[in-house]
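Here's the structure, in structure tokens; my notes come after.
To find a chain, count down the sequence lines: A is the first, B the second, and so on, and within it residues start at 1. Computed from a predicted model, the values in this text were never measured in an experiment.
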Amino acid sequence: MSFWLGAIVSVTLFTVAGLAAGWLEVRLRLLSVAHGALMGTGAYFFALASKSGLATWLAFLLASLGGAAFGMVLVGISRRVVREDFALFSFAVQVAWFGLVANARPWTGGVLGVPGVDELPLVERLNQTQGAFVWALALLLLFGAVLSMERRGSFPVAAAIVARSGELADSLGLSSRWIRLQIGGFYGVMLGAVGAVLGSFLTFIGPEVFAVSVSVVVIAIGFLASWRWWGAMLGAVVLLGLPEALRAAGLASTSTAFFRQLLAGVIVALSAFVIVAKRRR
Amino acid sequence: MTLLLLLVSEAVVLAAAAMAVKTQLALFRGFDLIVATAVVAAAEISITTVALFPGNHGAALVAGGCAAIVVSVILITSWNFLLTGLLKDHSSPGTFLFVFSLGASTVASGLVGMLRGPGVRQMEPANFLTQSFASLSLGSPLIGVLLGIPLLTLLLWLMRQPRWLAIDLLAQDREFAVELGVKPHQAAIAGGVLTGLAAAFVGWYMAHSSGSTPALGLQLFLLGAGGALLLPGSHLSSAVHGGLLLGGVHVLLQLRIAPTLSMALLFVGILVLVVWRGTSRNAQEVR
């Protein structure tokens with residue numbers, strides 16, 4: 001039961017992460033490969049803050065704000081670095097983040113990571129998996145509701161103008177810089193929060209938990225999310241749930257990880273046709 | 001002496017990586033992660049081939065190198081042939097290429113992992129070159145210099161030949177090149193040979209020095225991209241100069257800092273450079 005609940009937690013968390021990635025792609029037409037770095041930032045903020053004696057709810061808030069700050073900087077830079085250059089830039093950010101975290105041993109534990117991550121706030125009476133499930137579901141419902149409300153307002157129109165041309169947006173009286181910062185901030189909050197919950201669920205975090213392969217999985221789910229809103233859930237079930245089911249059936253853990261990578265790569269490669277075809281129209 | 005060898009070998013490897021990335025950038029107007037895949041494929045096939053010649057180091061060296069070249073050139077040339085069809089008349093080829101190649105390289109990484117398991121794969125016995133040259137610190141860098149410099153010279157000479165000069169022209173001004181009669185699909189095949197040779201050398205060197213792993217292939221691709229973007233100018237040779245400079249800086253950094261940290265700092269430097277240069281119309285003050 002605990003195994004399947006754990007699988008559901010992973011699926012739910014990566015659904016949220018995929019929604020964040022898909023939202024960024026739809027609003028600003030930005031492909032980021034730094035999703036793992038943002039999740040990892042949230043996870044490290046939570047783990048280190050709670051270990052230093054801070055209340056867990058404050059540590060969680062810090063994780064979300066840390067993600068927000070990182071997201072704002074990353075997306076803010078898209079004003080200067082555009083299209084595939086931004087994708088390459090975010091790829092380099094992800095790889096640099098990994099290297100810096102792996103070497104900052106006095107603060108992050110280096111490659112050994114941070115063991116014994118605290119439980120999340122408000123769910124201390126539940127075990128770690130149950131607590132993570134409650135939080136994952138809460139994040140999905142909260143962010144899902146916010147994105148649903150956002151879609152009905154005028155923000156998507158403003159973001160579409162900014163995505164098309166920052167100069168046009170400025171001419172129309174929209175602050176392209178402020179809109180990018182808002183999008184980056186919210187995108188970062190989502191991923192930072194996911195990272196914090198994931199860290200608590202795993203009870204251990206290390207740089208390899210948030211490597212490039214995690215970013216590619218989130219990108220794949222994000223592409224499905226940008227296609228249909230339920231695509232994020234479908235992507236997470238296929239990329240997280242299916243390998244876990246194979247693991248339960250006897251496949252080795254390392255093989256399931258590579259199988260997940262294979263599936264994610266296929267989805268990303270096929271998405272190239274859908275995304276670019278959409279833009280050509 | 002050892003430091004000089006390391007400096008030159010690293011510079012040559014990154015120059016080759018930069019040339020591979022820049023050639024694909026010139027041909028398809030985007031960053032192509034197939035370079036990382038070709039590097040890993042060359043490394044893996046090189047390691048497999050060396051294992052077939054136990055005790056015969058000379059034959060192993062030659063066979064491993066040839067296998068790496070064949071696999072890498074075939075892979076890149078076929079990929080380029082496929083891309084010329086897919087990218088025809090695309091409004092945003094760079095984005096498509098990055099996404100498609102990211103997916104393809106992830107599939108390749110997954111396949112490599114499933115076929116041979118996780119972790120770094122090294123030559124058997126570990127770095128057999130050290131047995132040939134009787135010095136742990138000289139083996140791989142010495143071979144890197146002895147093979148890399150002639151290879152780089154060959155590639156630079158090839159770039160001056162008419163068929164390959166077309167790639168340089170495409171890098172500088174695509175529309176003008178097409179007006180002059182350059183056929184992009186022919187250039188793509190020729191470019192595939194150039195990129196394949198460069199990637200084969202990088203992969204072969206990677207296999208001999210640190211071992212093969214998809215993550216390292218991606219890092220070498222990123223460093224190649226850094227070398228390609230480091231110096232201004234759209235000539236292919238500017239990528240070679242950028243790669244040489246980056247390789248030298250990398251080795252000098254490692255004199256003071258741990259290798260993995262120096263790599264991360266190098267990426268940070270590349271990031272700062274990309275942001276400072278800027279690629280948006282705002283950043284380039286285009287009106």
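- The contact between B:L111 and chain A is made by backbone and side chain atoms together, counting heavy-atom distances below 4.5 Å.
- Counting all heavy atoms, side chain and backbone alike, A:A96 lies closest to B:A264 at O-CB, 3.9 Å.
- In this structure, A:R105 places its CZ atom where only 12 or fewer heavy-atom neighbours from other residues, nucleotides or ligands lie under 6.0 Å away.
- Residue contact with chain B, scored on non-hydrogen atoms closer than 4.5 Å, involves the backbone and the side chain of A:V266 alike.
- Closest non-hydrogen pair, B:A104 versus A:A269, comes out as N-CB, 4.3 Å.
- A distance of 8.5 Å separates CG of B:L265 from CG of A:N103, quoted to the nearest 0.5 Å.
- To the nearest 0.5 angstrom, A:Q94 atom CD is 10.5 Å from B:L222 atom CG.
- Contact of B:L229 with chain A is made through the side chain alone, with heavy-atom distances under 4.5 Å.
- With a 4.5 angstrom heavy-atom cutoff, B:M263 does not touch chain A via any of its atoms.
- The line from CG of B:L102 to CG of A:L31 is 7.0 Å long, rounded to the nearest 0.5 Å.
- Contact annotation for B:L33: only side-chain heavy atoms (C-beta onward) come within less than 4.5 Å of a heavy atom of chain A.
- Each of B:L97, B:I270, B:L218, B:V112 has some count of heavy-atom pairs under 4.5 Å with chain A, and the biggest count is that of B:L218.
- Only the side chain of B:F98 comes within less than 4.5 Å of a heavy atom of chain A; its backbone N, CA, C and O stay farther away.
- Nearest heavy atom pair, residue A:Q261 against residue B:S109, reads NE2-CB, 3.5 Å.
- Both the backbone and the side chain of A:A87 come within less than 4.5 Å of a heavy atom in chain B.
- For A:L100, the parts lying near chain B are the backbone and the side chain together; criterion is any non-hydrogen pair under 4.5 Å.
- The 12-atom threshold is not exceeded at CZ of B:F81, counting heavy atoms of other residues, nucleotides or ligands nearer than 6.0 Å.
- We find the CZ-CZ distance between B:F31 and A:F89 to be 12.5 Å, quoted to the nearest 0.5 Å.
- Proximity to chain B (any heavy atom under 4.5 Å) is shown, for A:L263, by neither the backbone nor the side chain.
- Put simply, the residue from A:V93, A:V95, A:L88 that forms a side-chain contact (heavy atoms from CB on, under 4.5 Å) with B:L271 is A:V93.
- Ranked by heavy-atom pairs under 4.5 Å with chain A, the list B:G226, B:A215, B:G113 is led by B:G113.
- Note that the OG1 atom of B:T95 and the CD atom of A:E84 stand 5.0 Å from one another [nearest 0.5 Å].
- Heavy-atom contacts from other residues, nucleotides or ligands closer than 6.0 Å to CZ of A:F45 number 12 or fewer.
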